[in-house]
Amino acid sequence: MIQSTGLTKVYRKGAPPAVLDLTFDVRPGMVTALLGAEEAGKTTALRLMLELERGQGVTLFGGRTYRRLRRPEREVGVLLPGPGEGAVAVAGHPGRTARGHLRMLAAAVGVPARRADELLEQTRLAAVAGQRLRTFSPGMHRRLALAAALLGDPSTLLLDAPTEGLSPRNVEWFHSFLRSFAVAGGTVLATTRTPQEAAQLADRVITLDRGRLVADQPVTEFRRTRLSPEVAVRGPQMARLADLLVSQGAEVRRDGSVGLAVAGLDRTEIGELAYRNGILLHELADRVVEQPVPRAALPVASGRSGHLRVQHAAPSKEQSGEQPEEQPGQPSEEPRREPGRPSAPALPVVPVAAVGGARALLGATPRREEPAAPAVGVERLFRDGPGERPHPVRSGAVGRRTSAADLLTDDTVRLSRPARPALPTTPDDHRSE
Amino acid sequence: MRVLAYELRRLRGLRSTWLLLAAVLVGDAAVAAVLASQTPSGPLAAPAGVRLLTAAVPLIPLPFAALGTGVLGALSYGHEVRHPGLPASQVAYPRRVRLLLAKLLVVGPVAALLALATLLLDTVAVHLALPAGVTVAARAEPGALSARVSEALGGAGLSGLDDLPGAFAPVALVAGHGVPAALLAFVLLTVVAAWTGVLTASLTRSAAAGVLLLCALPPLLESGVALLLRRTGRPWPGRAAELLPFQSGIEWAYGWVYGGTRGAAAGGAALTDPALLAAVAAPAALLLLAALLVQARRRAL
């Protein structure tokens with residue numbers, strides 16, 4: 001259990017605070033994600049929690065500050081990016097072997113060298129344990145840093161951008177590891193930049209914006225409010241299809257000259273509808289639309305309650321930018337927005353194939369599926385499956401609309417059907433990465 | 001205890017440590033051999049012998065071995081800054097102090113061992129490289145032997161080093177009058193240089209800056225003390241001049257050990273002189289104090 005109260009950091013006098021009055025709890029048995037754009041204050045918050053930075057606020061790890069912990073490595077494992085930015089961050093001195101590095105730290109922590117070898121096995125580095133760190137890839141460095149954090153067998157993990165700049169496979173490994181760590185009763189706090197990753201990894205998402213806490217919500221609520229699924233449809237007869245879709249209760253907007261973005265209907269349903277009406281389709285793909293970050297508003301209430309009043313950005317800005325594109329000559333294609341229904345903001349669209357996290361989250365259409373696409377651990381998919389079935393739909397008019405969570409379950413299970421041993425827990429070597 | 005184990009593993013696991021030690025040993029022996037081969041023929045006095053054994057080159061401010069251990073010390077701290085193993089666990093002040101002391105404790109004996117190893121290697125190298133015309137005074141005449149050595153020899157029933165078998169010939173180089181004390185002082189100087197390296201790197205948080213500061217320290221100290229004495233209008237006190245003859249950096253390093261009349265004065269008795277020990281240890285002690293004070297203001301090493 002981590003309790004942070006009032007974390008505040010001002011770097012220069014007069015400058016806007018990097019972190020302002022951040023108050024939150026991290027509970028055991030779940031993964032908590034600290035989500036925010038770059039410069040949102042995630043790393044500063046983490047360093048403030050550990051008192052690596054001078055600032056205000058108190059963080060208690062089971063009732064004590066980090067400084068007062070008797071054996072900090074045995075209680076809190078910390079993974080901070082090493083020297084070097086992002087992907088080039090190194091875990092240790094480049095001239096040292098992985099085994100030597102870990103045994104050295106084991107001596108500092110006070111655990112036998114055997115524990116270091118165990119962790120090398122656990123992080124799939126045993127085969128390269130004798131190699132010098134300068135030959136290691138970013139993913140291997142990050143896994144070695146994780147092994148170092150785990151040396152004292154801590155019950156709490158604090159990770160700063162653990163998957164930043166890693167290959168999808170390593171990201172997948174990290175996610176499954178952190179999930180299983182939390183399932184075993186551990187407390188995990190990880191920072192991330194992408195909402196997709198936060199949705200995939202965490203049970204609870206704390207959103208930061210310019211150093212202020214703007215939302216502290218369970219992941220189901222986070223998915224509902226911040227991520228919405230969409231289907232991209234392309235073809236020559238989009239006007240007719242749009243009419244049909246709207247009559248089915250879907251939410252339709254133009255997407256380029258010959259495309260539609262459909263929300264509220266499943267991909268299969270759209271395909272069926274098109275087939276029955278003899279409409280030719282060129283493309284039918286899922287994707288995730290990220291809702292704009294709620295902007296921080298001052299003063300911010302305490303996050304201790306877990307629910308915060310969030311001021312949503314007015315969607316009118318995005319909408320007004322989109323309206324002029326719609327040509328008045330084709331009125332049938334104009335999406336008919338029912339009054340009182342929230343229209344999906346158009347920005348920013350994350351193409352499925354472009355983002356690894358989104359790919360794993362949603363799954364692409366079969367023809368986009370590359371052999372190297374990361375498969376998703378099944379235990380992750382079923383973890384919250386039953387709980388999310390009675391998912392609150394966004395609009396009462398759209399009864400059949402599926403949530404992002406349902407899409408996730410549906411598609412990723414289909415994705416991981418190939419016989420490829422895709423679970424990260426299976427012995428596969430990461431040496432090539 | 002844990003920090004000591006950590007520091008030992010850290011030092012052992014780096015290739016640069018072994019390369020540095022090997023480079024010091026080889027370089028020292030090579031310089032000693034070259035110097036020895038250029039010795040003019042005739043009897044070799046004890047101060048000249050010490051100069052050969054410690055491979056003293058007037059170009060660098062510290063002897064080779066002292067410079068090497070200083071670099072070792074600076075690197076041991078610099079690595080900690082550049083590649084902190086578990087940075088978060090160094091937040092608490094006592095832990096940082098403990099790590100700093102562990103570094104000093106580990107690097108000190110390493111420096112002493114390195115100094116002894118260089119002396120051993122240099123003795124052999126000098127013995128082999130000395131031209132045929134040079135005779136070592138201590139071997140030729142028992143009167144030039146250091147008092148303790150001749151005592152030990154007398155106890156063993158020998159009159160001089162000449163009675164020993166030929167394999168012990170290099171021993172004559174280290175048995176001259178005042179030479180054992182001078183060599184002990186050399187070992188002490190090497191250890192102090194290693195500690196100074198750690199502490200200067202700790203103050204500057206950089207190995208390179210630490211080494212530069214270490215090199216600059218002898219001339220700085222020398223001119224600083226000279227300036228202070230001139231300001232106060234007092235001449236060099238005889239004792240201080242004898243102990244710390246700040247004529248140049250090289251002489252600060254080991255000028256009092258040999259050379260001229262001072263060589264004799266600094267033998268035996270002077271080494272146990274508390275004033276001398278204090279003078280050698282003062283820079284390191286002051287640096288340690290400064291480092292501990294600076295650590296209190298920091299969050300990381």
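Please read these numbers as outputs of a predicted model, since none were measured by experiment.
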Q) side chain to side chain contact (heavy atoms under 4.5 Å, CB included) between Arg67(A) and Arg95(B): does it pass, once the steps are laid out? A) CA-CA 10 Å; Arg67(A) 209 189 256 254; Arg95(B) 295 172 74 92; over 6 Å; no
**Q.** Over all atoms of both residues, closest heavy-atom pair of Glu73(A) and Ser89(B)
**A.**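 Minimum heavy-atom separation between Glu73(A) and Ser89(B): OE2-CB, 2.9 Å.
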Q | Nearest heavy-atom neighbours spanning Arg9(B) and Ala107(A) | A |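 Smallest heavy-atom distance, with atoms named: CD-CB, 3.9 Å.
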Q: Look at Gly92(A), Gly95(A), Gly100(A) and state which one has the largest set of heavy-atom pairs under 4.5 Å with chain B.
A: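 Top count of heavy-atom pairs under 4.5 Å with chain B: Gly92(A).
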**Q.** Most chain B-contacting option - heavy-atom pairs closer than 4.5 Å, from Arg103(A), His101(A), Arg96(A), Arg132(A)
**A.**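 Of the candidates given, the most pairs with chain B belong to Arg96(A).
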Region of [X] that comes under 4.5 Å of a non-hydrogen atom in chain B:
{"X": "Val109(A)", "result": "both"}
{"X": "Leu80(A)", "result": "side chain"}
{"X": "Arg71(A)", "result": "side chain"}
{"X": "Glu51(A)", "result": "both"}

Q) Does atom CD of Glu39(A) have more than 12 heavy-atom neighbours, drawn from other residues, nucleotides or ligands, at distances under 6.0 Å? A)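 No.
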Q: Please round to the nearest 0.5 Å and tell me the distance separating atom CZ of Arg299(B) and atom CG of Leu50(A).
A: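 With rounding to 0.5 Å, CZ (Arg299(B)) is 11.0 Å from CG (Leu50(A)).
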Please list every donor-acceptor pair under 3.5 Å in which a side-chain atom of residues 16-31 of chain B meets a protein atom from a residue at least two apart or in another chain.
residue, atom, partner, partner atom, Å
Thr17(B), OG1, Leu11(B), O, 2.9
Trp18(B), NE1, Arg12(B), O, 3.0

Q: Taking the side chain as every heavy atom from C-beta outward, state whether Arg10(B) and His93(A) have any atom pair closer than 4.5 Å.
A: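 A side-chain contact is absent here, since even the closest heavy-atom pair is not under 4.5 Å.
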Q: May I ask you to list the residues in residues 52-60 of chain A that approach chain B closer than 4.5 angstrom, counting heavy atoms only, ordered by number?
A: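 Under the 4.5 Å heavy-atom cut-off, Leu52(A), Glu53(A), Arg54(A) qualify.
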Q: I would like to know whether Glu7(B) and Met104(A) meet side chain to side chain contact (heavy atoms under 4.5 Å, CB included); could you show each step before the answer?
A: CA-CA 8 Å; Glu7(B) 180 58 22; Met104(A) 172 189 87; over 6 Å; no
(Q) Taking side chain as everything from C-beta outward and backbone as N, CA, C, O, which of these in Val91(B) sits under 4.5 Å from a heavy atom of chain A? Side chain, backbone, both or neither. (A)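 When you check distances to chain A, atoms from both the backbone and side chain of Val91(B) fall under 4.5 Å.
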Q) Under a 4.5 Å heavy-atom cutoff, which of Ala92(B), Pro84(B), Pro87(B), Ala88(B) has the most pairs with chain A? A)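 Maximum pair count with chain A is reached by Ala88(B).
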Q | Trace of the side chain to side chain contact (heavy atoms under 4.5 Å, CB included) decision for Leu86(B) with Leu105(A) | A | CA-CA 8 Å; Leu86(B) 294 167; Leu105(A) 293 180; 4.2 Å; yes
